[in-house]
Amino acid sequence: MRLKRTHTCGELTATHVGQEVVLNGWVENWRDHGGVIFIDLRDRYGKTQIVFYPQYEQFYPLAKKLRSEYVIAIQGIVRKRPDDAVNPNLFTGEIEIEVTDLEVLNESAVPPFEIKDYIDASEDLRLQYRYLDLRRPKLQNNILIRHQMAQFTRRFFSENGFVEIETPFLTKSTPEGARDFLVPSRLHKGKFYALPQSPQTYKQILMVAGFDKYFQIVKCFRDEDLRKDRQPEFTQIDLEMSFVDEDDVMGVMERFVQGLFKEILDEDIAIPFERIPYDVAMDKYGSDKPDTRFGLELQEVTSAFKGSGFNVFRNIAEQGGYIGCVVVDEGTRVSRKQVDDLTAYAKHLNSGLAFVRYRNGAFDSGIAKFLGQPEQNALTTILNLPQGALLFFVGNTDREFAQTVLGAIRLRLGEMLGLIDESVKKFHWIVDFPLLEFDPEEKRYVARHHPFTSPKLSDINLLDENPAAIKARAYDLVLNGNEIAGGSIRIHRKDVQEKVFQLLQIGTEEAQRKFGFLLKALEYGAPPHGGIAFGFDRLVMLMTGSQSIRDVIAFPKTARAVGLMEDTPSEVDEAQLKELGILVVGKKK
RNA sequence: GGGGUCGUAGUUCAGUUGGUUAGAACGCCGGCCUGUCACGCCGGAGGUCGCGAGUUCGAGUCUCGUCGGCCCCGCCA
């Protein structure tokens with residue numbers, strides 16, 4: 001190229017008037033007035049208006065032919081715009097460039113969609129032409145913020161004594177947790193590596209090795225179905241610390257989050273964050289990642305339905321189940337149609353939803369006709385009902401299930417009634433998680449967090465008699481109803497780890513085969529340690545106000561885990577398969 | 001694995017009860033225009049209505065299947 005830029009398209013202002021400059025960039029728009037031609041030249045730094053006059057006969061005809069997304073270089077003089085032609089919406093709007101030389105660096109095919117923030121194309125088209133989508137200022141900004149966040153993260157943890165250490169991607173398949181992505185081994189036919197679901201075991205072993213504080217911004221892989229905030233490959237800010245307890249890990253994270261929000265958004269976040277026990281979160285919000293920006297808290301009304309004429313609820317109450325209620329004080333704000341929508345939503349979650357209105361001191365509509373005087377009295381007493389209230393009920397013999405459904409209804413109501421203040425940022429920790437949960441399919445306990453999570457020391461005597469009651473030394477960080485980080489204090493003693501494996505019905509032989517390397521490491525002076533991992537993509541999504549994780553990942557997959565631009569996954573040559581000793585059976589089409 | 005929703009011009013969409021030649025805006029192509037900035041004006045090209053069956057005298061429209069995008073449940077320690 002002949003003309004190399006002296007400035008970017010986002011920096012020239014009135015102070016540069018009179019200077020000769022060279023700009024490189026893409027043609028975003030052109031306005032040909034027959035004589036004078038205006039072109040908006042774009043690069044990632046901004047836009048600058050350049051002007052072609054017919055007097056420049058040697059390149060004016062070429063300027064006539066410039067079209068969207070042509071890549072050009074121009075030389076010119078910075079001119080102050082006439083007063084009535086200043087564009088206050090543009091950083092460079094005070095000036096324009098009178099072009100004195102033009103070089104077309106590359107032409108462009110007509111793009112399948114216009115590359116402007118106000119033009120929207122369907123997402124599959126955007127993903128197919130990702131390089132064009134990424135040229136849009138909005139997406140470029142997301143990626144730039146992501147970069148700044150990664151830089152802050154590295155700086156923060158380095159300054160706090162953490163060491164960035166890479167861990168392998170070709171690792172060992174582990175039971176428990178998500179489905180693994182497998183990588184066949186050519187040198188060992190029939191054997192497979194697994195891509196890491198997280199660097200969990202490696203970072204614990206780094207603690208045994210004495211690195212004391214570790215961190216990494218690292219890709220993790222889980223072969224599970226996608227959501228708008230979930231991709232099969234995603235990035236974690238992963239860390240681990242030795243000689244610490246919960247307060248140390250949470251304290252570092254609070255300072256990290258505070259610094260990050262100050263640096264990126266210039267927002268002041270108050271620390272420490274509130275800690276909410278898991279049981280309280282479930283009782284009040286029906287969620288282990290509650291959105292606490294609004295009320296509508298769950299209230300238990302099981303006792304009101306003992307001996308009720310409403311058979312469904314009476315049975316649940318008498319079988320030791322749970323009946324919960326959410327009260328909308330100004331019930332008239334919810335229309336009959338909205339009630340029906342919520343009922344349909346509950347049905348979608350495999351639950352029923354009952355409702356009743358309270359006005360003029362009496363119950364009507366919904367399940368009112370099933371409510372005898374005792375239930376009515378009990379409800380008014382328990383709930384302290386205002387006139388005009390609307391009550392939603394969910395009951396189930398499975399307490400956690402009923403609470404979860406009611407929690408989902410609560411969220412819907414919050415959105416429906418506009419109770420959520422988007423400008424508020426509510427951080428809190430969820431603590432005191434159960435260590436285990438019963439998996440009815442496998443008919444055994446599985447680890448709620450992961451099998452290396454330490455039980456609470458005070459609960460350790462429950463290991464044999466009542467495993468379900470054991471609490472874990474685990475903590476999740478929640479922001480506005482989104483889980484953004486999760487971690488725990490780990491087991492550092494071999495005897496405790498073996499005990500937990502027993503509970504999970506992972507046999508000694510199996511444990512040795514799958515985690516033997518970790519168990520062995522725990523025998524050689526493993527320090528007490530713990531850590532946490534941040535969902536980096538999700539955090540970028542929240543900090544950029546994006547609706548989908550795909551808008552903060554340069555090259556994301558679709559909901560069916562396909563890369564539309566490069567067309568992946570795809571078939572491979574027979575020769576490649578043969579070399580790996582792989583025979584594909586039951587291939588779809 | 002299950003459910004919902006969408007699929008019509010390059011793009012975003014409209015398309016009535018099943019009925020003549022499937023429309024609009026933007027984009028694209030050509031022409032005019034020397035102060036616009038989502039410039040303006042005139043003209044033009046552009047369609048396998050995702051794909052395949054079926055019902056019907058007749059299907060963009062109704063039915064079934066299928067493919068794809070998105071959202072949700074399950075799943076995600």
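Because only heavy atoms are used, hydrogens play no part in the values below, and waters and symmetry mates are left out as well, while side chains stay in. Letters go in sequence order (proteins before strands), and every chain restarts at 1.
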Work out how far the P atom of G46(B) is from that of U5(B), and round it to whole angstrom. 36 Å
Quick check for you: among C73(B), C76(B), G69(B), whose closest atom lies nearest to any side-chain atom of Arg227(A)? C73(B)
Whole-Å distance between U11(B) P and Glu69(A) CD? 17 Å
Gap in Å between the two C1' atoms, one belonging to U20(B) and one to A59(B), rounded: 15 Å
Nearest listed nucleotide, side chain of Glu114(A), among C73(B), G27(B), C76(B): G27(B)
Whole angstroms only, please: what is the CG-C1' distance between Asp223(A) and G74(B)? 15 Å
Does the side chain of Ser546(A) pick up a donor-acceptor pair with the side chain of Thr544(A) at under 3.5 Å? yes
Would you mind classifying the nucleic acid contact of Ser198(A) as base, sugar-phosphate or nothing, using non-hydrogen atoms under 4.0 angstrom? base
Which one, G27(B), G69(B), C76(B), comes nearest to the side chain of Ala178(A)? C76(B)
When you measure only distances, ignoring hydrogens and angles, does the side chain of Asn87(A) come within 3.5 Å of the base of C37(B) through a donor and an acceptor? yes
Gln49(A), nearest nucleotide to its side chain (from U34(B), C28(B), C37(B)): C37(B)
Across the strands shown, which category fits Ala85(A) at heavy-atom distances under 4.0 angstrom: base, sugar-phosphate, nothing? base
Only one of Gln216(A), Gln200(A), Lys203(A) forms a side chain to side chain donor-acceptor pair (under 3.5 Å) with Asp238(A), so which one is it? Lys203(A)
In whole angstroms, the gap separating P of G35(B) from CG of Asp83(A) amounts to 17 Å
Could you state the atom-to-atom distance from NZ of Lys80(A) to C1' of G35(B) in whole Å? 15 Å
Are the side chain of Asp567(A) and the backbone N or O of Leu564(A) linked by a donor-acceptor pair below 3.5 Å? no
Please work out if Ile37(A) contacts a base, only the sugar-phosphate, or nothing of the nucleic acid, heavy-atom cut-off 4.0 Å. nothing
Closest to side chain of Lys228(A), choosing from A38(B), C73(B), C71(B): C71(B)
Side chain of Thr558(A) - closest among C70(B), G2(B), U34(B): C70(B)
Could you tell me how far A24(B) sits from A9(B) if I compare only their P atoms? Round to whole Å. 14 Å
Looking only at side chains, do Thr171(A) and Tyr202(A) share a donor and an acceptor under 3.5 Å apart? yes
Hey, what's the ring geometry for Tyr56(A) with Phe59(A), parallel, tilted or perpendicular (30° and 60° as the breaks)? parallel
Regarding C29(B), can its base be found pairing with the side chain of Arg67(A) as donor and acceptor, where the two atoms are less than 3.5 Å apart? no
Residue Arg222(A), side-chain atoms from C-beta onward, closest of C71(B), C76(B), U34(B): C76(B)
Span that lies between the P atom of G68(B) and that of G27(B), in whole angstrom: 34 Å
Quick check for you: among U12(B), G68(B), C76(B), whose closest atom lies nearest to any side-chain atom of Arg560(A)? G68(B)
Going by atom types only, do Asp180(A) and Ser173(A) share a side-chain donor-acceptor pair under 3.5 Å? yes
Span that lies between the C1' atom of G4(B) and that of G44(B), in whole angstrom: 43 Å
So what does Gln55(A) touch, heavy atoms closer than 4.0 Å: a base, only the sugar-phosphate, or nothing? base
Rounding to the closest angstrom, what is the interatomic distance between G2(B) and C49(B) at atom C1'? 30 Å
When we call it a touch if two heavy atoms are under 4.0 Å apart, what does Tyr118(A) touch: a base, just sugar-phosphate, or nothing? base
Taking salt bridge (Lys or Arg N to Asp or Glu O under 4.0 Å) as the test, write out the residues that go with Asp40(A), two or more places apart. Arg31(A)
Whole-Å gap separating C1' (U36(B)) and CZ (Arg31(A)): 5 Å
Whole-Å distance separating the CG atom of Asp567(A) from the C1' atom of C67(B): 14 Å
Counting heavy atoms from C-beta on, name the nucleotide in C28(B), C71(B), G35(B) closest to the side chain of Trp30(A). C28(B)
What is the nucleic acid contact for Asp32(A), judged by heavy atoms within less than 4.0 Å: base, sugar-phosphate only, or nothing? base
Measure CG/Leu125(A) against C1'/U11(B) and give the value in whole Å, please. 8 Å
At under 4.0 Å between heavy atoms, what does Pro451(A) touch on the DNA or RNA strands: base, sugar-phosphate, or nothing? base
Roughly how far apart, to the nearest Å, are G30(B) and C67(B) at atom C1'? 39 Å
The Watson-Crick or G-U wobble partner of C13(B), with both key distances under 3.5 Å, is G23(B)
Name the pairing partner of A38(B), where a pair is Watson-Crick or G-U wobble with both distances under 3.5 Å, or state none. none
Identify whether a stacking contact exists between Phe38(A) and U36(B), where the ring centres must be under 5.5 Å apart and the planes under 30° apart. yes
Can you tell me the distance, in whole Å, between the CG atom of Leu66(A) and the P atom of U36(B)? 21 Å
salt_bridge(Lys557(A), Glu233(A)) N-O dist < 4.0 Å: yes
Side-chain donor/acceptor of Asp84(A) to base of G35(B), under 3.5 Å: no
So, under a plain 3.5 Å distance rule, would you say the side chain of Tyr53(A) forms a donor-acceptor pair with the base of G35(B)? yes
Testing Gln140(A), Arg126(A), Lys138(A) for side chain to side chain donor-acceptor pair (under 3.5 Å) with Asp133(A), which one passes? Arg126(A)
Separation between the P atoms of C26(B) and A22(B), rounded to whole Å: 22 Å
Base, sugar-phosphate or nothing for Arg448(A)? Non-hydrogen atoms, less than 4.0 Å. sugar-phosphate
Could you identify the nucleotide paired to G43(B), looking across every strand shown and requiring Watson-Crick or G-U wobble geometry with both distances under 3.5 Å? C29(B)
With both distances kept under 3.5 Å, what pairs with G65(B), Watson-Crick or G-U wobble? C51(B)
With a non-hydrogen cut-off below 4.0 angstrom, is Arg550(A) in contact with a base, only sugar-phosphate, or nothing? sugar-phosphate
Could you please name the option among C39(B), G69(B), C76(B) that lies closest to any side-chain atom of Arg230(A)? C76(B)
Nearest heavy atom decides the nucleotide; on that basis, is Phe113(A) or Val51(A) closer to the 5' end of RNA chain B? Phe113(A)
Arg67(A)/Glu28(A) salt bridge by N-O under 4.0 Å criterion: no
Mate of C70(B) where both pairing distances stay under 3.5 Å, Watson-Crick or G-U: G4(B)
Counting the atoms with a prime plus P, OP1 and OP2 as sugar-phosphate, which does Glu123(A) contact under 4.0 Å by heavy atoms, base, sugar-phosphate, or nothing? sugar-phosphate
Contact class for Gln197(A) vs. all strands (heavy atom < 4.0 Å): base, sugar-phosphate, or nothing? nothing
Note: for Arg81(A) and Pro112(A) on RNA chain B, the residue whose nearest nucleotide lies more 5' is Pro112(A)
